[in-house]
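Below is one structure, written out as structure tokens, with a few remarks after it.
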Amino acid sequence: MKIAFVGKGGSGKTALSSLFIRHLATTGAPVVAIDADINQHLGTALGLDEAEAAALPAMGERLPLIKDYLRGDNPRIASAETMIKTTPPGEGSRLLRVREDNPVYDACARPVELEGGTVRLMVTGPFTDDDLGVACYHSKTGAVELCLNHLVDGRDEYVVVDMTAGSDSFASGMFTRFDLTFLVAEPTRRGVSVYRQYKEYAADYGVALKVVGNKVHGPDDLDFLRAEVGEDLLVTVGHSDWVRALEKGRPPRFGTLEEANRQALRTLQAAADATYELRDWERYTRQMVHFHLKNARSWGNERTGADLEAQVDPGFVLGEGVVAAASA
């Protein structure tokens, strides 16, 4: 399942996404974790020191390799240079699987050892002073979107993406690439403002959204969130000495995480697992094509000098059956 964590800056979405990744690792499930936030903190939240996190290979800097690999021998794509972040796969494209080894993972992913197992960690790379005036951060997250467009994940496989904060998530079609989006909200007016924005915009695309209430300290906080987000509230997380120790760089054994918070993580996994039966690969592909055509017409055709609309393979539907047919 493909899962996104979103929320306003400071809501705790990176801490919660890292806890969820740690929890999944304890189950032995294969996990690809992706830091797509402008502030790159997922690596350190997973236990890397600052130097190790800074040394992670940036997907944005390896975009030519990613494009060249995913293009494969798709006859509709003239060259890797004509691929943009929304380019959809078609007959002849190479697809990514969670469990496999491939040149994209070799170049961009690094194993992170957690108590329960090993996860693959990928990062977009930070937005630096060198990018000012010459690059948009969303051009870096385009590497993530392109990979998600070519990813076929199955039952009990997890891709967890720590998204950029606030409504910046809507700057591309990437917000539609997930089976379930967890929106982390504090019990404050500002805390739920991003929820309202996300709910309104995502509704037009059938995005599955659940709210995770964070920093909930009592009945008043819980009542506030219930009144503001209604049935979208899935679970709440309160104060955690374990998380406080993590933020100090001294996380204890994961098994010592408070039982109430461990139960919250099990609830998140159950909600994610339940989305598998609801998958609609035709709609997923249709939305992918929608955003590609939108980008092609607004800037892509002019920038690349190619007819990017012709990249769409009208008979292609992404899904697990495509991989099975290719393997056969």
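- Surrounding CD of Glu200 are at most 12 heavy atoms belonging to other residues, nucleotides or ligands under 6.0 Å away.
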- Task: Could you please spell out the steps behind the side chain to side chain contact (heavy atoms under 4.5 Å, CB included) verdict for Asp37 and Lys13?
- Result: CA-CA 10 Å; Asp37 195 354; Lys13 68 179 180 62; 3.0 Å; yes
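- Using a 4.5 Å cut-off between side-chain heavy atoms of Ile, Leu, Val, Met, Phe, Trp and Tyr, with links allowed through other members, Val211 and Tyr198 fall into the same hydrophobic cluster.
- Two residues are said to be in side-chain contact when any heavy atoms from C-beta on lie closer than 4.5 Å; Ile34 and Val160 fail this criterion.
- Shown are Glu145, His290, His292; of these, the side-chain hydrogen bond (donor to acceptor under 3.5 Å, both in side chains) with Thr86 is made only by His292.
- The nearest pair of heavy atoms linking Phe254 to Glu115 is N-OE2, 2.6 Å.
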- Going through the distances and angles, do Leu225 and Val192 end up as a side chain to side chain contact (heavy atoms under 4.5 Å, CB included)? CA-CA 8 Å; Leu225 285 173; Val192 299; 4.0 Å; yes
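- Checked options Arg297, Arg76, Lys294; the residue passing with Glu309 is Arg297 (criterion: salt bridge (Lys or Arg N to Asp or Glu O under 4.0 Å)).
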- Item | Audit row: Val104, Met122, side chain to side chain contact (heavy atoms under 4.5 Å, CB included) steps and yes/no | CA-CA 10 Å; Val104 174; Met122 304 171 74; 4.3 Å; yes
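- In this structure a side-chain-to-backbone donor-acceptor pair under 3.5 Å is missing from Asp162 to Asp35.
- Note: the hydrophobic cluster containing Val123 does not contain Met163 (ILVMFWY, side chain heavy atoms under 4.5 Å, direct or indirect links).
- Tested against Met83, the residues Ile66, Leu308, Leu146 include a single side-chain contact (heavy atoms from CB on, under 4.5 Å) partner, Leu146.
- Exactly one of Asp273, Thr27, Asp153, Asp179 qualifies for a side-chain hydrogen bond (donor to acceptor under 3.5 Å, both in side chains) with Tyr158. That residue is Asp273.
- Closest approach of Pro89 and Leu318 over heavy atoms only: CG-CD1, 4.1 Å.
- A donor-acceptor pair under 3.5 Å is formed between the side chain of Gln311 and the backbone N or O of Thr82.
- Heavy-atom minimum distance, Pro75 versus Glu91: CD-O, 3.5 Å.
- Within 6.0 Å of atom CD in Glu247, more than 12 heavy atoms from other residues, nucleotides or ligands are found, so the atom counts as buried in its surroundings.
- With Gln40 contributing its side chain and Gly125 its backbone, the two residues share a donor-acceptor pair below 3.5 Å.
- Rounded to the nearest 0.5 Å, atoms CG (Leu246) and NZ (Lys248) are 11.5 Å apart.
- Under the 4.5 Å side-chain heavy-atom criterion for ILVMFWY residues, a single connected hydrophobic cluster contains both Met1 and Leu180.
- Thr275 places no side-chain N or O within 3.5 Å of a backbone atom of Ala271 that could act as its donor or acceptor partner.
- A heavy-atom distance below 4.5 Å is found between the side chains of Val243 and Leu19.
- Under the 4.5 Å side-chain criterion, counting only non-hydrogen atoms from C-beta, Leu234 is in contact with Thr267.
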- Could you give me the CA-CA distance, side-chain angles and deciding distance for Val159 and Phe178, then say whether side chain to side chain contact (heavy atoms under 4.5 Å, CB included) is met? CA-CA 9 Å; Val159 178; Phe178 301 99; 5.9 Å; no
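- Side chains of Pro111 and Arg120 form no contact here, defined as non-hydrogen atoms less than 4.5 Å apart.
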- Let me see the working for Arg189 and Glu228 under salt bridge (charged side-chain N to carboxylate O under 4.0 Å, His left out), right down to the final yes or no. CA-CA 9 Å; Arg189 293 174 64 183; Glu228 294 293 329; over 6 Å; no
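- Looking only at side-chain heavy atoms (C-beta outward), His23 and Thr26 come within less than 4.5 Å of each other.
- Side-chain N/O atoms of Gln263 and Arg266 include a donor and acceptor closer than 3.5 Å.
- Using the six-membered ring where Trp is involved, Phe20 and Phe5 have ring planes that are tilted, between 30° and 60° apart.
- Of the possible polar contacts, one joining the Arg71 side chain to the Ile77 backbone as a donor-acceptor pair under 3.5 Å is found.
- Side-chain contact, Tyr195 with Asp232: a donor N or O sits under 3.5 Å from an acceptor N or O.
- Side chains of Val32 and Leu151 form no contact here, defined as non-hydrogen atoms less than 4.5 Å apart.
- Taken from CG in Leu268 to CD1 in Ile3, the straight-line distance is 8.5 Å, to the nearest 0.5 Å.
- Proximity of a side-chain donor or acceptor of Glu320 to a complementary backbone N or O of Val152 within less than 3.5 Å is not detected.
- Ring geometry for His239 against His217 counts as tilted: the plane angle lies between 30° and 60°, on a 0 to 90° scale.
- Between Tyr284 and Trp281, the ring planes lie perpendicular to each other; the angle is over 60°, past the 30° to 60° tilted range.
- Atom-to-atom distance recorded for Ser17:OG and Phe182:CZ is 11.5 Å, nearest 0.5 angstrom.
- When atom types are taken as modelled, the side chain of Arg94 and the backbone of Tyr69 share a donor-acceptor pair closer than 3.5 angstrom.
- Annotation: the span from Arg303 atom CZ to Ser298 atom OG amounts to 9.0 Å, rounded to 0.5 Å.
- Formation of a donor-acceptor pair under 3.5 Å by the Ser11 side chain with backbone atoms of Gly7 is not found in this model.
- Distance alone, capped at 3.5 Å, is enough to place a donor-acceptor pair between the Arg62 side chain and the Ala58 backbone.
- Note: Leu183 CG to Lys8 NZ = 11.0 Å, rounded to the nearest 0.5 Å.
- By the criterion of side-chain heavy atoms lying less than 4.5 angstrom apart, applied directly or through intervening Ile, Leu, Val, Met, Phe, Trp or Tyr residues, Leu209 is not grouped with Val235; the two fall into different hydrophobic clusters.
- No chain of hydrophobic side-chain contacts below 4.5 Å, direct or via other Ile, Leu, Val, Met, Phe, Trp or Tyr residues, connects Leu148 to Val289.
- Here the CG-CG distance, from Asp241 to Asn261, works out to 10.0 Å after rounding to the nearest 0.5 Å.
- The closest side-chain heavy-atom distance from Val184 to Val6 is not below 4.5 Å.
- Between Gly43 and Leu121, the shortest heavy-atom distance links the atoms CA-CD2, 3.8 Å.
- A donor-acceptor pair is defined here as one N or O able to donate and one able to accept, closer than 3.5 Å; such a pair exists between the side chain of Glu52 and the backbone of Asp49.
- For the pair Met174 and Ala36, the tightest heavy-atom approach, listed with the atom from each and the gap, is CE-CB, 4.4 Å.
- Using a 4.5 Å cut-off on side-chain heavy atoms (C-beta onward), Ile21 and Leu114 make contact.
- When all heavy atoms are compared, the tightest approach of Thr164 to Ile38 is OG1-N, 3.9 Å.
- Aromatic ring pairs are classed by plane angle as parallel below 30°, tilted from 30° to 60° and perpendicular above 60°; the pair Phe291 and Phe175 is perpendicular.
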